[in-house]
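In what follows, a single structure is set out as structure tokens and then discussed.
Letters A, B, ... mirror the listed sequences (proteins, then strands); counts begin at 1.
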Protein chains: 2
Amino acid sequence: MPDSYSQDIRDLHLFSEMEDQHFQSLIRAAYVQNFPPQIELITEGDPSDFLHVLLTGSVDLFSSWNDRETSMATVRPISTFILAATVRDAPYLMSARTIEKSRIMLIPSQNVREVFDQDGQFARAIVDELAQCYRGVIKNTKDLKLRTSLERLANYLLRQQARCGGAPVFTLDTEKRRVASVLGMTSENLSRAFKGLRPYGVCVTGRQITITNQQDLEGFAKPNPLIDQR
Amino acid sequence: MPDSYSQDIRDLHLFSEMEDQHFQSLIRAAYVQNFPPQIELITEGDPSDFLHVLLTGSVDLFSSWNDRETSMATVRPISTFILAATVRDAPYLMSARTIEKSRIMLIPSQNVREVFDQDGQFARAIVDELAQCYRGVIKNTKDLKLRTSLERLANYLLRQQARCGGAPVFTLDTEKRRVASVLGMTSENLSRAFKGLRPYGVCVTGRQITITNQQDLEGFAKPNPLIDQR
DNA sequence: GCCGAGAGTTGACATTTATCAAGTGAATGC
DNA sequence: GCATTCACTTGATAAATGTCAACTCTCGGC
């Protein structure tokens with residue numbers, strides 16, 4: 001089902017190089033839907049029927065085990081999610097829920113796999129995307145295993161700052177409790193970690209962060225491109 | 001450089017479906033080398049010049065930051081490693097060192113990327129492999145974030161048991177200190193964790209593990225296919 | 001303007017995990 | 001045979017992190 005977002009989707013690295021005929025065929029098979037906040041789009045363990053493309057809003061990817069839950073990532077427009085499950089035709093490993101009101105395109109996994117077999121450029125783009133995702137998760141594992149929660153927070157702030165343009169004052173785009181979960185800690189611990197970064201020049205007011213001493217913070221965080229660069 | 005292992009490599013899922021001409025071209029460009037134990041094959045951050053195929057022996061993939069080090073995975077024959085860095089032509093995110101005497105085939109990354117562009121079956125296999133690797137790392141992240149170290153060990157033992165055929169007595173194929181690092185804990189803590197599993201019917205003698213009460217252990221470990229099934 | 005809901009914070013405390021130091025035990029080499 | 005090495009274990013202690021309960025603050029609805 002064509003849609004005003006069609007060109008933005010086309011510009012995604014995943015779709016930009018493929019033949020137009022194949023792109024149109026994917027779009028035709030797809031449909032776009034609006035979801036209210038806090039709707040569970042995907043449940044881990046379910047078969048992966050659709051490749052999802054987030055057009056507007058935001059989506060939380062999370063996982064559960066034994067009554068515990070953790071945020072794995074936050075998806076922001078415009079990007080796809082759960083590509084790996086789609087191409088492998090395997091069950092989802094993560095659940096997904098909308099954080100805010102979101103507009104999402106659903107492309108049947110079957111069609112993705114068909115077009116993949118016909119279009120070499122698309123295949124190449126999928127490989128690139130998967131390899132990048134893989135490397136992202138490896139970086140995340142290194143972050144988790146090699147750093148304390150204070151160090152993870154410090155580096156998270158530096159990454160967020162860079163995403164916001166690098167100025168000393170910037171804003172978290174995520175609720176703190178979700179930040180905590182992404183970083184593998186509790187909300188209470190995050191609160192204390194923010195305090196623990198005060199000696200390194202970090203001031204927190206609500207979601208607004210001010211870094212008064214960039215050098216000090218970087219000296220403590222020791223950011224590393226092989227962990228922190230996306 | 002052709003080699004007696006050529007057929008075994010050909011049988012790897014990654015290479016099994018590709019055209020013979022392309023396979024031969026990869027093999028011709030490659031060379032095989034023997035390494036003694038404890039040799040650093042790859043250093044994280046270096047450019048990824050070769051796709052590695054472990055033929056015999058074993059290799060530890062590890063990462064370092066700020067004088068800390070952690071084992072990310074153990075590679076066993078016959079399998080490839082650092083495929084993602086090769087296809088993206090990006091620096092290695094992990095270092096690799098031989099654990100024991102190992103025989104390794106090195107295929108120039110350049111050739112892999114060239115053949116990838118020519119051979120659709122090979123491209124398809126790379127996608128499968130990458131998607132599987134990605135899912136493996138996601139499972140690992142869930143293990144790390146959702147479980148305590150005792151639970152991780154319990155599930156590790158169950159997975160190892162399954163790999164050994166499922167009998168109540170089996171052997172760890174890895175030094176305990178490496179097991180500890182893979183599970184994200186210290187050796188000391190692993191030692192205590194083994195003790196902590198005694199009430200659930202786990203007996204440890206050197207590297208030999210005896211599970212005297214399968215039900216109890218599984219009841220505690222709560223293994224989950226979305227985390228533990230490989 | 002008041003109220004309620006929910007995110008965030010704080011303090012007290014428990015648990016988990018790491019660190020340091022000392023010891024055991026088995027394999028290796030001279 | 002004995003010393004050495006190194007993985008592993010153990011105990012004492014410290015540090016990091018989680019849990020629980022109470023509290024504050026803000027925001028939106030009425």
Side-chain angles (χ1 to χ4, degrees), chain A residues 36-38 58 60 65-71 74 97 99-101 143-157 171-199 202-209 220, chain B residues 36-38 58 60 65-71 74 97 99-101 143-157 171-199 202-209 220:
Chain A
Q38 304 300 334
S58 54
D60 185 37
W65 177 81
N66 198 26
D67 289 326
R68 290 166 227 172
E69 185 181 305
T70 189
S71 269
T74 302
R97 76 163 73 90
I99 295 171
E100 44 189 330
K101 193 164 162 301
D143 193 43
L144 280 171
K145 290 181 77 178
L146 290 168
R147 289 172 170 162
T148 66
S149 59
L150 202 59
E151 291 164 341
R152 290 201 295 280
L153 176 59
N155 282 288
Y156 178 88
L157 291 179
T171 307
L172 297 176
D173 56 6
T174 311
E175 289 172 296
K176 285 183 187 165
R177 60 184 187 139
R178 199 183 320 284
V179 172
S181 186
V182 166
L183 295 179
M185 55 206 282
T186 57
S187 308
E188 295 95 325
N189 215 357
L190 177 67
S191 231
R192 290 176 192 119
F194 273 123
K195 279 191 175 173
L197 289 181
R198 256 194 320 229
V202 175
C203 290
V204 184
T205 314
R207 285 207 192 170
Q208 180 182 289
I209 311 290
F220 171 74
Chain B
Q38 305 300 332
S58 53
D60 184 38
W65 178 81
N66 198 24
D67 289 325
R68 290 167 225 172
E69 185 181 305
T70 189
S71 270
T74 302
R97 75 163 73 89
I99 295 171
E100 46 190 328
K101 192 165 161 300
D143 193 43
L144 281 170
K145 289 181 77 177
L146 291 167
R147 290 171 171 163
T148 66
S149 60
L150 202 60
E151 290 164 342
R152 291 201 295 279
L153 176 59
N155 282 290
Y156 178 88
L157 292 179
T171 307
L172 296 176
D173 57 4
T174 311
E175 290 171 295
K176 284 183 188 165
R177 59 182 188 138
R178 199 183 320 283
V179 172
S181 186
V182 167
L183 294 179
M185 54 206 285
T186 57
S187 311
E188 294 96 325
N189 214 358
L190 177 68
S191 231
R192 292 186 255 266
F194 273 123
K195 280 192 174 174
L197 288 180
R198 249 182 341 218
V202 175
C203 291
V204 184
T205 314
R207 284 207 194 172
Q208 180 181 292
I209 310 289
F220 171 74

Completion exercise
Per-helix bend value, the helix from C/dG1-D/dC30 to C/dC30-D/dG1, C1' rotation axes over five pairs per end, 10° rounding, shows 30°
Problem - Opening and closing nucleotides of DNA chain C in contact with chain B, under 4.0 Å to non-hydrogen atoms - result: C/dT17 to C/dC20
Completion exercise
Here the pair of heavy atoms bringing A/E151 nearest to B/N66 is OE2-ND2, 4.2 Å
Fill in the blank from the handout: In short, salt bridge (Lys or Arg N to Asp or Glu O under 4.0 Å) pairs touching residues 179-188 of chain A with sequence neighbours left out are none
Problem - Spatial distance of atom OG1 (A/T174) from atom OH (A/Y156) [nearest 0.5 Å] - result: 4.0 Å
Problem - Minimal non-hydrogen separation, A/S149 against A/N189, with atom names - result: OG-ND2, 4.4 Å
Handout entry: Strand-adjacent residues in residues 172-188 of chain A, judged by heavy atoms under 4.0 Å from DNA chain C
Key = A/E175, A/K176, A/R177, A/E188
Exercise for the section: May I ask you to decide if A/L183's main-chain N or O and B/K145's side chain share a donor-acceptor pair within less than 3.5 Å? Expected result: no
Handout entry: Backbone N/O of B/R147 and side chain of B/R152: donor-acceptor pair under 3.5 Å
Key = yes
Exercise for the section: Using salt bridge (Lys or Arg N to Asp or Glu O under 4.0 Å) as the criterion, list what pairs up with A/R178, not counting sequence neighbours. Expected result: A/D60, A/E175
Handout entry: Atom of B/K176, atom of B/G206 and distance for their closest heavy-atom approach
Key = NZ-O, 3.0 Å
Practice task
Could you pull out the closest heavy-atom pair between B/F194 and B/I209, with the gap in Å?
Solution key: CE2-CD1, 4.0 Å
Handout entry: Closest contact, heavy atoms only, B/S181 versus B/E69
Key = OG-O, 4.3 Å
Fill in the blank from the handout: Protein-proximity profile, nucleotides 24-30 of chain D, B/S/- by nucleotide at the 4.0 Å heavy-atom cutoff, equals -------
Problem - Value in whole Å for how far the P atom of D/dG18 lies from CG of A/L190 - result: 11 Å
Completion exercise
In whole angstroms, the gap separating P of D/dG18 from NZ of B/K145 amounts to 11 Å
Exercise for the section: Looking only at non-hydrogen atoms, find the nearest pair between B/I99 and B/Q38 and report the distance. Expected result: O-NE2, 3.7 Å
Completion exercise
DNA chain C nearest-nucleotide lookup for A/R207 and A/R192: closer to the 5′ end is A/R207
Handout entry: Interatomic distance, A/E151 CD vs D/dA15 C1' [rounded to whole Å]
Key = 13 Å
Practice task
Taking B/T205 for its side chain and B/Q208 for its backbone only, find out whether a donor-acceptor pair lies under 3.5 Å.
Solution key: no
Problem - Between OG on residue A/S58 and CZ on residue A/R97, distance to nearest 0.5 Å - result: 12.0 Å
